[in-house]
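Inspection log for the structure reproduced underneath, given as structure tokens.
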There are 2 protein chains.
Amino acid sequence: MKKEHRILADYLKQKGLKQTYQRFFILDKFLAAKRHLSADELHAMVREQNPKIGFSTVYRTLKLFTECGLAKEVNFGDGRARFERAIDRSQHGHLICANCGKAEEFTLGSVEKTIARIASRHGFKIERFRFKIYGLCKKCR
Amino acid sequence: MKKEHRILADYLKQKGLKQTYQRFFILDKFLAAKRHLSADELHAMVREQNPKIGFSTVYRTLKLFTECGLAKEVNFGDGRARFERAIDRSQHGHLICANCGKAEEFTLGSVEKTIARIASRHGFKIERFRFKIYGLCKKCR
DNA sequence: ACTATCATGATAGTGATACTCAAAATCAAT
DNA sequence: ATTGATTTTGAGTATCACTATCATGATAGT
């Protein structure tokens, strides 16, 4: 059993929720994706193999993934939430192209100490942070 | 004449747009605000003294301010765009409280070099960047 | 003052997200 | 395996922020 299936299964049990076919099917599709997906885009992928699964279910399931730490919601300013894998991934920022809309990632190792220092100076308790650079990617510039 | 009025007036002239009462009235209200405002919130402030001014005008005028560099659009993840002054202000990030929703600011001086380095490594042309830390502020923690 | 053009403000439209509910699925207890 | 309580699903609808439309009104050059 995949690590991510285990995490989802445990979370469902802990919360008294049910292990449904849809939830694990959507999880597999989500993990297979290479890009940052919106609920709409993931639904399109899911529906290719499984046209019965509705948008609502995909949408709610993505929220569920976010709750149990399997996914992170990211927002690139185009008015639709996107989701990315959040297991076994180091902190990273996004380079978002204004032309093609694709998002590259960059590691944040060198910035993390700075972030911690800033927060403590303001008496602020960090839950999470987002670092985004908007501009033009190599291809589009 | 205020510096910001000058900037707006020049921009309007350059673009062949008209100098209207509303545009300058909204600008004054915008500049007087201490917080990060949404179009809705600014409209509420404007309407106190001037109930005739509609939401559409406030909304469009904020876009106009953004075009001419008087304002910046920021998004704190609550699904509504907010605007902040952008003249004579150094680059800064935001500390956004998950409880009260208020946003403090922090300076980014030490991070800017890092950002430039990251971008050049990816062949990415920076237009702008956003650095946001979500968590609990001093009061709410 | 006249006229072309732009701006305004009310209304309606759009798209993403969130809610509702009847029918179906899950799961613990028998 | 059957039952029954409870959750989930999927379709439809509602809501919210934002955007477009358009008739009326304001602006600015002549």
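First the proteins, then the strands, lettered A, B, ... as listed; each starts at 1.
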**Q.** Under-4.0 Å salt bridge between Glu67(B) and Lys15(B)
**A.** no
Q) What pairs of residues pass the salt bridge (charged side-chain N to carboxylate O under 4.0 Å, His left out) test when at least one of them lies in residues 116-128 of chain B, not counting sequence neighbours? A) none
Q. If you link I, L, V, M, F, W and Y whenever their side-chain heavy atoms are under 4.5 Å apart, who else ends up in the same group as Phe25(A)?
A. Ile7(A), Leu8(A), Tyr11(A), Leu12(A), Leu17(A), Tyr21(A), Phe24(A), Ile26(A), Leu27(A), Phe30(A), Leu31(A), Leu37(A), Leu42(A), Met45(A), Val46(A), Ile53(A), Val58(A), Leu62(A), Leu64(A), Phe65(A), Leu70(A), Phe83(A), Ile87(A)
Q: Look only at the side chain of Arg80(B) and the backbone of Ala39(B), and say whether a donor-acceptor pair between them is shorter than 3.5 Å.
A: no
**Q.** For atom CZ of Phe55(B) and atom C1' of dG13(C), their distance in whole Å
**A.** 15 Å
Output one line per pair: protein atom, nucleotide atom from nucleotides 1-4 of chain D, and distance, for all N/O pairs under 3.5 Å.
none

Q. How many Å lie between CD on Glu41(B) and P on dA17(D), as a whole number?
A. 10 Å
(Q) Going by side chain to side chain donor-acceptor pair (under 3.5 Å), name the residues that satisfy it together with Lys3(A), two or more places apart in sequence or in a different chain. (A) Asp88(A)
(Q) Please report the distance, rounded to the nearest Å, between CG in Asn50(A) and P in dT9(D). (A) 12 Å
Q) What string of B, S and - do you get for nucleotides 20-30 of chain D, 5' to 3', if B is base contact, S is sugar-phosphate-only contact and - is no contact with any protein heavy atom under 4.0 Å? A) BB-----BS--
Q | Under-4.0 Å side-chain N/O to phosphate OP1/OP2 contact, Arg23(A) with dT8(D) | A | yes
Q. Tell me, which pairs form a salt bridge (charged side-chain N to carboxylate O under 4.0 Å, His left out) where one or both residues lie in residues 94-105 of chain B, sequence neighbours left out?
A. Arg89(B)-Glu105(B)
